[in-house]
Amino acid sequence: MNNTIQYKGYVGSVEFSEEDGIFFGKVMGIRSLISYEGESAKELLNDFHDAVDTYLEHCKAEGKEPELAFI
């Protein structure tokens, strides 16, 4: 099993909480905290994509350069 996912140059972790019954993760290699979750792999992937897109839109709206992953 691969424990990372990638989208638009960002790498995210994939973990599972047995207690809560959800997948969760965070974008790795940047200082900003970008997290996501889902009850299925598909939901996790969709939330990861949405989180990265939201981060990039926020940076653009603020006139800030998005952080690039150093991984």
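Model, not experiment: these values are computed from the prediction.
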- [ ] Go through the structure and list residues passing ring pair (Phe, Tyr, Trp, His ring centres under 6.0 Å) with Tyr36, not counting sequence neighbours.
- [x] Phe48

In residues 24-33, what donor-acceptor pairs under 3.5 Å come from side-chain atoms, sequence neighbours left out?
| from | atom 1 | to | atom 2 | distance (Å) |
| --- | --- | --- | --- | --- |
| Ser32 | OG | Glu67 | OE2 | 2.5 |

Mind checking side-chain hydrogen bond (donor to acceptor under 3.5 Å, both in side chains) for [X] and listing every partner two or more places apart, or none if nothing turns up?
| X | answer |
| --- | --- |
| Ser35 | none |
| Gln6 | none |
| Ser13 | none |

Task: Pairs involving residues 14-25, ordered by first then second residue, that meet side chain to side chain donor-acceptor pair (under 3.5 Å) (sequence neighbours left out) - done: Ser17-Asp20

- [ ] Under the side chain to side chain contact (heavy atoms under 4.5 Å, CB included) rule, collect the residues that match up with Glu62, sequence neighbours excluded.
- [x] His58, Lys64

TODO: Using side chain to side chain contact (heavy atoms under 4.5 Å, CB included) as the criterion, list what pairs up with His49, not counting sequence neighbours.
DONE: Tyr7, Leu45

- [ ] Using salt bridge (Lys or Arg N to Asp or Glu O under 4.0 Å) as the criterion, list what pairs up with Asp53, not counting sequence neighbours.
- [x] Lys8

TODO: Might you point out which heavy atoms bring Ile22 and Phe16 nearest each other, and give the distance in Å?
DONE: O-CD1, 3.3 Å

Open item on the list: Applying salt bridge (charged side-chain N to carboxylate O under 4.0 Å, His left out) as the test, list every pair that has at least one member in residues 37-50; sequence neighbours left out.
Closed with: none

